[in-house]
Amino acid sequence: MSTAEDRKRKKPQEKEPQTNSPKRHKSEPASEIDPSKNPYLAHRYPAEESKDDWGPLAGFKRHNTTAKMANIAEDGPFNPFSGNQFSDRYFNILKGRRGLPIPAQRDEFLKMFQKSQIMVLVGETGSGKTTQIPQYVLFDDLPHLNGYKQVACTQPRRVAAMSVAKRVADEMDVELGQEVGYSIRFEDKTSSSTILKYMTDGMLLREAMHDHLLERYSCIILDEAHERTLATDILMGLLKNVAERRPDLKIIIMSATLDAQKFQHYFNDAPLLAVPGRTHPVEIYYTPEPERDYLEAAIRTVLQIHATEPEGDILLFLTGEEEIDDACRKINAEVDMLIREADVGPMKSYALYGTLPPQQQQRIFEPAPPPFKPGGPPGRKVVVSTNIAETSLTIDGIVYVVDPGFSKQKVYNPRIRVESLLVSPISKASAQQRAGRAGRTRPGKCFRLYTESAFKKELIDQTYPEILRSNLANTVLELKKLGIDDLVHFDFMDPPAPETMMRALEELNYLACLDDEGNLTTLGKLAAEFPLDPALAVMLITSPEFFCSNEILSLTALLSVPQLFVRPLNNRQRADEMKKLFAHEDGDHLTMLNVYHAFKGEENQPAWCREHFLSYRALQNADNVRTQLQRIMERLEIQLVSTDFSEKSYYENIRKALVSGFFMQVAMKNGKAYTTVKDNQDVLIHPSTVLEKESQWLVYNEFVLTTKSFIRTVTHIRPEWLLDIAPGYYDAKDFPKGPVRTELEKTMDRVRKRNALKRR
DNA sequence: GAGCACTGC
């Protein structure tokens, strides 16, 4: 990745071999003209040399331009950023862009942008803010004439960063990856010519860890700030801080209309610009009485719409995979009955949730079935979806939305240190977003399965930001790495609960990533380099001590992707049998490793995965993650070693390495069930385990709270290892009197006696 | 003997 300095150094070198023609003019005949005199290439030379007396940007003074000037430059004929002649396609797209509502406010935007360091911009979907505002910034901020700086625009999701970058590259008539590019995990599509970069907010955060002042940017645009992802919240705190130390940095916070004042207030009363959206009105209907069974009510409502409303597709929001599959089955059965009894058209139902393979997700875009007879009652499709359709996926043609008012949300309980998913009422903002999905192509209707008074009085305004609902161990490590020493006084927009913060600090201290004063240790600094949870990072970094870093590298990658084993509804038994083929008697971690090794030895991987009920996507993903982690290890000079497979200690070493990261996630057998050490929670082993033999002590990867408390992905370990690998954590006298303490003391005695024998 | 809202590095 190139820093601003690199870019400065690289530029002059680049022009040498191309004295006669600039880089992307390959088909052009060699010109007699000295390229440094070519006004259209003026931007390729450092600002101090550039006079910009001619060319499309003639007379443009940084932060002193107008919409009129920019419009003239945009009208061509030459592209002010690439020097090329504009294509016909460019002018076609330009016509469309000028038809958006936002250009009318270009001057208003420029004035505000020029006057203030930080501004807030709110606009509904369809306003074009994500594609247009960054371009407006380019024409005024002129980052390429300002020491080759860049303009960044962050997105919460990878697909958004990619697709918007592609769109804007087309709008600006440049090749994607040149003047306009994107940067997401596993893919950096930028070059030394890039002046506008779309990126995920997590990616910008990563960059900030090595460049605390974000020096390579002259302007940072945080888009979709209302979503309040963890990364967005940390970035906002960071940017507020950086803004003071870098008066030259411009910041724009973009958000949907809600909560604008909160953003303004947080950024020292930054000015606000509101741009209108382009959506159709949506009529809202409430139920007169509260519904007792929202699933039943939802299905009933869908059928009523189908029987009585004019043409248009339906979107129903439910909470999870099982519920959605169930609802689809019931809807199909009811529609069949309805068709027999009444004069209605056909209706096709589609399930939509994140873990569905992409191919199946795509099916929701199939057109609705046609009516049975021309002019008869309309055919329709109904998409039954999780929250994924609220933000990540938009489906055109939706006219009716059915909103029961619930979604699964992550909650964190710092007292028992457990993150879990809970079906909870949605917020007003969420309800509005859902309703908006009905008005994308024409006026629509939204049926809320709750009363108007419940909406007004019971729903909270905004969903709580993620930072208030998460374990913050990773976040605290990131903040420390960002150079923020005083976490207590860090200016969060919504400060997390002190107990959550304390838990995170405590966890990092146990992992030896923070010392007793709360400072980053050498191990902590290394751990922060990895895009992993602290426990995984520590396990990986210490694995060479157990002679198995190659294997732990694979395992770490496997543990950081979801859903390795596939278990289709109609083939569970077969899937379970297949899983047994890979089972290792000591537990699930080693089983996953067996899967990975078998996968790597396979030639036709997709077919092999189908046959063995494994997710090809997950394994491929794990492989990508592994490559990324391996590069980081090589950069940090962490050794990659293996124990010879024929050695008896091959698997034992891996289990010990597991303990070095997960010693806080250990459970001990207590009668029929297990008890987690330290927290004393009664837990059961998740039924998905391959472990069959009796095991007194287990290390587990996650605690899942569903119908019962489960520990999932478990491996058998020996208590001696705990004393050996984490002596500070497993000091028996720190434990309350009880079975765990008794066992630890027994183990200590055993070790002592054995050592005494050895000494004799 | 059961589940996996959604993202991101």
Side-chain angles (χ1 to χ4, degrees), chain A residues 154-161 183-188 199-210 224 227-235 317-326 352-356 385-393 406-411 419-424 426 430 433 463 465-466 469-470 474-475 477-478 481-482 527-534 536-537 557 560-569 572-573 575-576 615 618 621 624-625 628-629 631-632 684-692 702 704-713:
Chain A
T154 69
Q155 297 293 319
R157 283 168 291 277
R158 298 160 50 99
V159 273
S183 176
I184 59 178
R185 187 182 190 181
F186 306 129
E187 201 185 352
D188 180 8
M199 64 204 300
T200 47
D201 45 18
M203 200 69 199
L204 185 60
L205 205 55
R206 277 275 139 196
E207 286 186 7
M209 286 182 194
H210 293 109
E224 313 287 359
E227 288 194 24
R228 304 291 307 275
T229 65
L230 254 175
T232 303
D233 268 27
I234 301 170
L235 277 174
F317 285 101
L318 291 176
T319 65
E321 176 177 339
E322 213 177 271
E323 198 177 78
I324 287 170
D325 288 338
D326 189 34
L352 176 64
Y353 38 84
T355 49
L356 220 54
S385 170
T386 61
N387 255 358
I388 194 169
E390 201 180 294
T391 48
S392 309
L393 263 167
F406 292 96
S407 72
K408 271 191 197 174
Q409 288 164 32
K410 185 170 75 179
V411 287
E419 276 182 354
S420 49
L421 285 171
L422 218 64
V423 174
S424 323
I426 60 170
S430 216
Q433 177 77 18
T463 310
E466 205 183 352
R469 298 183 285 123
S470 311
N474 205 9
T475 302
L477 189 67
E478 279 169 3
K481 181 77 180 174
L482 286 165
E529 293 286 329
F530 289 93
L532 293 170
D533 278 340
L536 283 170
S560 48
V561 300
Q563 293 254 126
L564 190 56
F565 297 98
V566 182
R567 216 164 162 256
L569 214 61
R572 291 182 169 180
Q573 211 184 339
D576 291 347
S615 162
N621 209 334
N624 279 337
V625 175
Q628 187 192 23
L629 298 177
R631 289 214 187 100
I632 300 173
L684 295 170
I685 302 180
H686 197 274
S688 61
T689 189
V690 298
L691 198 73
E692 283 177 347
E702 55 180 344
V704 282
L705 189 63
T706 50
T707 48
K708 291 175 189 142
S709 298
F710 292 106
I711 48 174
R712 189 160 53 189
T713 313

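Just so you know, these numbers use all the heavy atoms, side chains as well, and skip hydrogens, waters and symmetry mates. So you know, we letter chains A, B, ... as the sequences are listed, proteins then strands, and number each from 1.
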[X] [atom1] to [N] [atom2]: how many Å, rounded?
| X | N | atom1 | atom2 | value |
| --- | --- | --- | --- | --- |
| A/Glu692 | B/dG1 | CD | C1' | 13 Å |
| A/Phe530 | B/dG8 | CZ | C1' | 18 Å |
| A/Asp533 | B/dC9 | CG | P | 14 Å |
| A/Asp326 | B/dC4 | CG | C1' | 16 Å |
| A/Gln433 | B/dT7 | CD | P | 14 Å |
| A/Leu318 | B/dC6 | CG | C1' | 16 Å |
| A/Glu322 | B/dC4 | CD | P | 10 Å |
| A/Met209 | B/dC9 | CE | C1' | 8 Å |

Residues A/Glu466 and A/Lys410 bridged, charged N to O under 4.0 Å: yes
Is the backbone N or O of [Y] less than 3.5 Å from a side-chain atom of [X], with the two atoms forming a donor-acceptor pair by type?
| X | Y | value |
| --- | --- | --- |
| A/Thr232 | A/Leu230 | no |
| A/Thr689 | A/His686 | no |
| A/Arg158 | A/Arg185 | yes |

Would you classify [X] as touching base, sugar-phosphate or nothing, given that sugar-phosphate means primed atoms plus P, OP1 and OP2, and contacts are heavy atoms under 4.0 Å?
| X | result |
| --- | --- |
| A/Ile388 | sugar-phosphate |
| A/Leu205 | nothing |
| A/Thr200 | sugar-phosphate |
| A/Glu321 | base |
| A/Arg157 | sugar-phosphate |
| A/Tyr353 | sugar-phosphate |
| A/Asp576 | base |

Value rounded to 0.5 Å, distance of CG in A/Leu482 from NE2 in A/His210: 10.0 Å
Listed nucleotide nearest any side-chain atom of A/Leu421, set B/dG3, B/dC9, B/dC4: B/dC4
A/Arg158, nearest nucleotide to its side chain (from B/dC4, B/dC9, B/dA2): B/dC9
May I ask you to evaluate whether [X] reaches the phosphate of [N], defined as a side-chain N or O under 4.0 Å from OP1 or OP2?
| X | N | result |
| --- | --- | --- |
| A/Lys708 | B/dA2 | yes |
| A/Thr386 | B/dC6 | yes |
| A/Arg572 | B/dG3 | no |
| A/Ser688 | B/dG3 | no |

hbond_proxy A/Arg567 side chain to B/dG3 base (donor-acceptor, 3.5 Å cutoff): yes
A/Gln155 side chain reached by A/Met199 side chain, heavy atoms, under 4.5 Å: no
Residue mapping more 5' on DNA chain B - nearest nucleotide basis, A/Pro531 or A/Gln409: A/Gln409
